[in-house]
Peer 1: 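Have a look at the structure that comes next, please.
Scope of the values below: all heavy atoms of this structure, side chains included, with no hydrogens, waters or symmetry mates.
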Amino acid sequence: MRNLKEKIKIIDKLILDDTPQSVVYAALECRLAIELVCYERLKVSIGKMSKNEVDWQPKKVIRQILAEENPNATQELTLSISTEPNEESDDNPSLEEFKAKSYVKLGTQSELDINKLARSYQALSNLALHVSVPKNQTIQTYGDAKTIKRKLEEALVQLRAVSCGNLVLGGIGPEYKFQCLACDSLITRKVSALHDGKIVHCNSCIESYLISISDGEIFHSRNVYEVPCDTCGTASLVSKNLFRNMNVEECHELKCDGCNKKLYVRLMPTMYKCREQVT
């Protein structure tokens, strides 16, 4: 958390300078500090999440971490290590036996009140980082310094509390792992985040996978479209992510898996007529 403490020092100095410009810069630095806090927690979890689905907004980032990788990402946690190993003959020690051991504290993850930080993040943007719409003939380049400083102090209370921690911990619990069929990268996801119909994206290539669960067992299959060839009849399997960022009417060239003929796929809108429900 050294970077966060340095950010807090910068914000304090800018507030003490007490000019319209320095207060605006303090608001900007404070927003950057809030992003830093959230992205540090994302850094230890991103390898077990789908990178292309991660939002940039701090509150959404934390919500995605909580849902997909670490439900304890906002909790205060202490990590300690025992000074003595388990007995080799003791394969399944009880909770009481664990508690009876001597421990050395390694560090603490600070509690993160993301709702308060998100409110400060948004308020500082509204108050300080935009020129106000004129209500008369005068345009106010800078917001009200007193109001901005009050919001800064509210945010600093939360940031100072977070800066007391010296650890950021990843999630624990059972994981589902498999190799990407396209690039052979290892894909890892928390079992608790998987459900029937969940789409999991490879972080190293464009492949994605459809998760299915049957009788408690997890399966995965490529998330693809079937593109038929009008020459040989082969249905080529194409990753759905290939079309993820295509524009309407944009054309993409493919090759048939059967006869190697060039195929062209164009993204077109389709209009559906909704049936009226009869009551």
Side-chain angles (χ1 to χ4, degrees), residues 1-49 54-81 103-132 140-172:
M1 294 297 172
R2 183 183 302 173
N3 291 338
L4 178 58
K5 292 179 178 179
E6 291 299 320
K7 282 286 184 188
I8 292 172
K9 288 180 183 179
I10 293 171
I11 296 166
D12 284 335
K13 183 181 182 304
L14 289 168
I15 293 173
L16 286 174
D17 289 346
D18 201 22
T19 67
Q21 294 84 359
S22 69
V23 172
V24 168
Y25 298 153
L28 177 58
E29 288 287 351
C30 193
R31 278 171 57 92
L32 292 174
I34 293 171
E35 290 177 358
L36 175 65
V37 167
C38 296
Y39 295 165
E40 276 193 333
R41 306 216 174 189
L42 175 63
K43 183 174 67 174
V44 299
S45 296
I46 189 65
K48 298 175 183 178
M49 299 167 62
V54 174
D55 203 289
W56 66 269
Q57 296 181 55
K59 188 173 184 178
K60 291 184 178 180
V61 166
I62 296 300
R63 283 181 172 175
Q64 286 175 288
I65 297 171
L66 292 171
E68 291 194 32
E69 207 281 321
N70 184 8
N72 299 310
T74 58
Q75 302 300 312
E76 180 177 323
L77 299 171
T78 298
L79 180 65
S80 301
I81 187 170
Y103 290 91
V104 175
K105 181 179 175 180
L106 297 181
T108 301
Q109 173 180 278
S110 298
E111 181 181 0
L112 183 65
D113 192 330
I114 188 56
N115 290 326
K116 288 184 178 179
L117 282 175
R119 285 196 293 269
S120 295
Y121 185 81
Q122 187 61 45
L124 289 170
S125 175
N126 294 337
L127 292 169
L129 303 184
H130 303 282
V131 176
S132 299
Q140 298 292 333
T141 305
Y142 300 101
D144 181 67
K146 185 180 293 185
T147 305
I148 296 170
K149 286 192 285 187
R150 186 172 67 249
K151 288 297 180 182
L152 282 168
E153 291 300 333
E154 291 176 5
L156 284 169
V157 169
Q158 298 299 317
L159 291 175
R160 288 193 176 99
V162 174
S163 71
C164 293
N166 60 356
L167 280 181
V168 176
L169 301 173
I172 58 175

Peer 1: Taking side chain to side chain contact (heavy atoms under 4.5 Å, CB included) as the criterion, tell me which of Asp17, Thr19, Leu14 meets it with Tyr25.
Peer 2: Leu14
Peer 1: For a quick test of reading the model, state the closest non-hydrogen atom pair linking Val61 to Cys38 and the distance between them.
Peer 2: CG1-O, 4.1 Å
Peer 1: Mind running side-chain contact (heavy atoms from CB on, under 4.5 Å) on Leu159 and Leu117 for me, showing each step along the way?
Peer 2: CA-CA 8 Å; Leu159 291 175; Leu117 282 175; 4.2 Å; yes
Peer 1: Check whether any side-chain heavy atom of Lys59 sits under 4.5 Å from a side-chain heavy atom of Asn115, and report yes or no.
Peer 2: yes
Peer 1: Looking only at non-hydrogen atoms, find the nearest pair between Ala27 and Ile148 and report the distance.
Peer 2: CB-CG2, 4.3 Å
Peer 1: Sub-3.5 Å donor-acceptor pair from the side chain of Gln109 to the main-chain atoms of Leu77, do we have one?
Peer 2: no
Peer 1: Which is it for Leu169 and Asn72 under the side-chain contact (heavy atoms from CB on, under 4.5 Å) test, yes or no, and what are the steps along the way?
Peer 2: CA-CA 9 Å; Leu169 301 173; Asn72 299 310; over 6 Å; no
Peer 1: If you apply the rule side-chain contact (heavy atoms from CB on, under 4.5 Å), what do you find for Ile15 with Glu153, and how did you get there?
Peer 2: CA-CA 10 Å; Ile15 293 173; Glu153 291 300 333; 3.9 Å; yes
Peer 1: Can a salt bridge be assigned to the pair Asp12 and Arg160 using a cut-off of 4.0 Å between side-chain N and carboxylate O?
Peer 2: yes
Peer 1: Roughly how far, to the nearest 0.5 Å, is the CD1 atom of Ile11 from the CG atom of Leu28?
Peer 2: 9.5 Å
Peer 1: Distance from Leu66 atom CG to Glu68 atom CD, nearest 0.5 Å?
Peer 2: 10.5 Å
Peer 1: Quick check: closest heavy atoms across Leu152 and Val23, and the distance to 0.1 Å?
Peer 2: CD1-O, 4.2 Å
Peer 1: Check step by step if side-chain contact (heavy atoms from CB on, under 4.5 Å) holds for Leu156 and Ile8.
Peer 2: CA-CA 7 Å; Leu156 284 169; Ile8 292 172; 4.1 Å; yes
Peer 1: Any side-chain heavy atom of Leu124 within less than 4.5 Å of one from Leu129?
Peer 2: no
Peer 1: Please check this pair: side chain of Ser125 against backbone of Tyr121, looking for a donor-acceptor N/O pair closer than 3.5 Å.
Peer 2: no
Peer 1: For a 4.5 angstrom cut-off between non-hydrogen side-chain atoms, does Leu42 reach Met49?
Peer 2: yes
Peer 1: One thing to verify: whether Arg63 and Asp55 come together as a salt bridge, which I'm taking to mean a side-chain N less than 4.0 angstrom from a carboxylate O.
Peer 2: no
Peer 1: At what distance, to the nearest 0.5 angstrom, does OG of Ser163 lie from CG of Leu4?
Peer 2: 5.0 Å
Peer 1: What pair of heavy atoms forms the shortest contact from Arg41 to Ser110, and how long is it?
Peer 2: NH2-O, 2.9 Å
Peer 1: If you take all heavy atoms of Pro58 and Glu35, which pair is closest and at what distance?
Peer 2: CG-CG, 3.9 Å
Peer 1: In Å and rounded to the nearest 0.5 Å, what is the OG1 to CG distance from Thr147 to Leu127?
Peer 2: 6.5 Å
Peer 1: Counting neighbours of OH on Tyr39 that are heavy atoms of other residues, nucleotides or ligands and sit closer than 6.0 Å, is the number greater than 12?
Peer 2: yes
Peer 1: Which distance, rounded to the nearest 0.5 Å, do you find between the OG1 of Thr108 and the CG of Leu79?
Peer 2: 9.0 Å
Peer 1: Does Val162 reach the side chain of Gln158, with side-chain heavy atoms less than 4.5 Å apart?
Peer 2: no
Peer 1: I need the minimum non-hydrogen distance between Leu112 and Val37, along with the two atoms involved.
Peer 2: CD1-CG1, 3.4 Å
Peer 1: Report the distance from atom NZ of Lys116 to atom CD1 of Ile34, rounding to the nearest 0.5 Å.
Peer 2: 13.0 Å
Peer 1: Determine, for Glu154 against Lys151, whether the closest basic-nitrogen to carboxylate-oxygen distance falls under 4.0 angstrom.
Peer 2: yes
